[in-house]
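A short write-up of the structure that comes next.
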Protein chains: 2
Amino acid sequence: MAHKATIKELAEAAGVSVTTVSQILNGKGDRFSSDTRKKVRDYQKKLNYVPNFNARNLILNNAKTIGVLVPNIGNPFFSSFIAGIQRVSREFEYLPFNFSGSNDPELENYYMKRLISRGADGMIIASSTITSETLNDTLKKNAIPYLLMDQSPLSDGDQVRTNDTLGGKLVADHLLELGHRNITIVMPENATDNILYRVKGFKAEIVAQDAQKVCHVTTIYRPLTKKGGFESAQAVVDSQATAVFAINDEMAIGLYRGLTQLGYQIPTDVSVIGYDGIDLDEYVSPALTTIQQPISRMGELATELLINRINNPRIEQQVVELPVRLIQRSSTTAPKI
Amino acid sequence: MAHKATIKELAEAAGVSVTTVSQILNGKGDRFSSDTRKKVRDYQKKLNYVPNFNARNLILNNAKTIGVLVPNIGNPFFSSFIAGIQRVSREFEYLPFNFSGSNDPELENYYMKRLISRGADGMIIASSTITSETLNDTLKKNAIPYLLMDQSPLSDGDQVRTNDTLGGKLVADHLLELGHRNITIVMPENATDNILYRVKGFKAEIVAQDAQKVCHVTTIYRPLTKKGGFESAQAVVDSQATAVFAINDEMAIGLYRGLTQLGYQIPTDVSVIGYDGIDLDEYVSPALTTIQQPISRMGELATELLINRINNPRIEQQVVELPVRLIQRSSTTAPKI
DNA sequence: TTGTACGCGTTATCAC
DNA sequence: GTGATAACGCGTACAA
């Protein structure tokens, strides 16, 4: 059981040539006698022959592999996203390899290079800190199709996106309607474009309604993590806001802890709304009001588009926009008077 | 921009032979003039040359790849575990490919086969539903080293384990000391061995202290997910327990929601203790008392042992046991009288 | 109906 | 110091 059989050995054992074996095993053996076909198949089982992937791939040059780069698998958003990718990949008989870049450009570059050297046919990049340098040098130069998440609608590659502007607007609508006039946004300093659009949509709506509803908006910058949300609590309190727009659910959940620790009640003392729609939202207390993105669908679609691009390199830019919607739960209410 | 550069092209561009390039890039180029060395390196960057893994591996025959199978990336436990794996893998210049088996034996078998056909050098299997059939047929037959998590201490392969018996005992000690005498365990029906040891350790301690403290224990079976925990709430209430031992943190968090929805307060009405020590524990309200496992260290160690096994196939069984400890937070307190 | 011979991109050997 | 060449295992045009 020491060693793997080669096609040559199989051919010898069956008393035929390697061509015969290759053709038959690859479904192109119609022209051979059913006798030979059977013989080859029998010996295959007997020797437990499995084609050497490397040798095969060296010729065919399609590894049926896609690389996936996310910033942080710990965020349930990305595990759902990956689940979607895994599902569709299997459907198309691709194998997705995913890595957590941990917001470290060097690490991302490292994984990217490995993936490419291993013949990845394409990449899904959901990592914000990827540098355009890496992109150009590593992907474009190697002619590897890729799909960027969370990036500017103006980029020229294939895209799966959600309407972040609308999402921001929905947040504003909801909070204004509840009667909030002093709102604080908690977001990261170097925000990705999609987040900037969220904020933009939000602010635009505030301005649009300003004629009737004079409103004050504060912005607090913290890292895009539970910890970041947690640590923003004091600043949120200081801002005297009656409602907080946490730019994603992770931050919102961190904020929960921070506010609670400072003795504030949600939503009685301050309303909190998140963004993403991770499944945890229903489990925290109070259940988190949020803007829901169809996360795993985003992963599925990204995979579909990418595979389509791999198979048809020359088609036009593919852009799909998925809907977002407000899920009202228990973390937002009218402000105290 | 059309295609991946080959070593041949790089050699031509630099005006040297492929041998020269290969040797220099593989650190065996001492004998070449530093002039040539620099030239080659420069052109590598310029052309962004990355060696073709397939061709390379065809000769060297070590893919430096490990496959990882987890039941559910959505559980933060496994994302931490994977983070540990990723870290050590990189240190040893291995690349880990991880897949979520979703507790589906067929799916697990599928990924296992793909990974092997792609030359994975070893596997870390943290999936409970893996069948011994798959194990024998797919791994043993191909002489692929593997490491099983969550399995019986009696298995004969390499192991990273924690002392679940002790963990269970710590839970019992804690609850008994607080004064609880009616405790309910929430756990999955087809539990893995490590979970069974948790329960065993727990019950053994109850029995051990029974002389002084007469105690009643109920067991409720639900799937090992937030949802499972959520759905156990009514049964927990019916059991009239003053404390619940949720067999992992996910279930505990689900239970939080269920109990809250039924109008019960934690820990005032009922204490809850979890198991794992995921980072979310500090963020839920009340912060969850739990038994902490050194999760990412487990991933790191698993990787170290596996790589060691790959490099030294004949060494004796490797077993490492990591410590667990009780983290007391706010979800457990003395029962109401 | 079957087999020969070449090429895929790389590394190792050995000659220059 | 440097380079030609064989070999890794497989798929396929082309011959027979």
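Each chain gets a letter, A, B and so on, in the order the sequences are listed, and its residues count up from 1. Values in this document were obtained by computation on a predicted structure and should not be read as measured data.
The nucleotide whose nearest atom lies closest to any side-chain atom of Phe32(B) is, among dG1(D), dT10(C), dC8(D), dG1(D). When distances run from any side-chain atom of Ile7(B) to the nucleotides dC10(D), dT2(D), dT11(C), the shortest one goes to dT11(C).
Atom-to-atom, CD of Glu9(A) to P of dG9(D) comes out at 8 Å; the value is rounded to the nearest Å. Atom pair Asn57(B):CG and dT11(C):C1' shows a separation of 12 Å (rounding to whole Å applied). Rounded to a whole Å, the CD1 atom of Ile59(A) is 10 Å from the P atom of dG9(C). Here dT11(C) presents its P atom at 8 Å from CG of Leu25(B), a figure rounded to the nearest Å. Rounded to whole angstrom, the span from the CZ atom of Arg118(A) across to the P atom of dT10(C) amounts to 15 Å. The nearest whole Å value for the distance from the CG atom in Leu60(B) to the C1' atom in dC8(D) is 10 Å. For the pair Arg37(A) CZ and dT2(C) C1', the computed distance is 14 Å after rounding to whole Å. Atom CG in Asn61(B) sits about 13 Å away from atom C1' in dA7(D), given to the nearest Å.
Rounding to the nearest 0.5 Å gives a distance of 10.0 Å between OG of Ser34(B) and CD1 of Ile24(B). To the nearest 0.5 angstrom, Phe53(A) atom CZ is 3.5 Å from Arg118(B) atom CZ.
A sub-4.0 Å separation between OP1 or OP2 of dT2(D) and a side-chain N or O of Ser33(B) is present. The phosphate of dC10(D) has neither OP1 nor OP2 within less than 4.0 Å of any side-chain N or O from Lys8(A). Under 4.0 angstrom from either OP1 or OP2 of dG11(D) there lies at least one side-chain N or O belonging to Arg56(A).
Side chains of Thr19(A) and Ser22(A): a donor-acceptor N/O pair is absent below 3.5 angstrom, by distance only.
Against DNA chain C, the stretch residues 16-23 of chain B makes heavy-atom approaches under 4.0 Å through Thr19(B), Ser22(B), Gln23(B).
The side-chain heavy atoms of Leu115(A) and Ile144(A), taken from C-beta on, include no pair separated by under 4.5 Å. A 4.5 Å side-chain heavy-atom check between Arg87(A) and Ser296(A) finds at least one atom pair inside the cut-off. Side-chain atoms of Asn72(A) and Leu224(A), non-hydrogen and from C-beta on, never get closer than 4.5 Å to each other.
Shown here is Lys64(A), whose NZ atom has more than 12 heavy atoms of other residues, nucleotides or ligands within 6.0 Å.
Across all strands shown, Tyr49(B) has heavy atoms under 4.0 Å from sugar-phosphate atoms exclusively, and none from any base. Nucleic acid contact for Arg31(A): base, since at least one base atom lies under 4.0 Å from a heavy atom of the residue. Backbone-only contact: Asn26(B) has heavy atoms under 4.0 Å from sugar-phosphate atoms and none from a base.
Between Tyr111(B) and Phe99(B), the ring planes lie parallel to each other; the angle is under 30°, not in the 30° to 60° tilted range. Between Phe77(B) and Phe81(B), the ring-plane angle classifies as parallel under the 30° and 60° cut-offs.
By the side chain to side chain donor-acceptor pair (under 3.5 Å) test, Asn62(A) is found to be paired with no residue, residues two or more places apart in sequence or in another chain being considered.
Note on the helix from dT1(C)-dA16(D) to dC16(C)-dG1(D): angle between the axes of the first and last five pairs equals 50°, rounded to 10 degrees.
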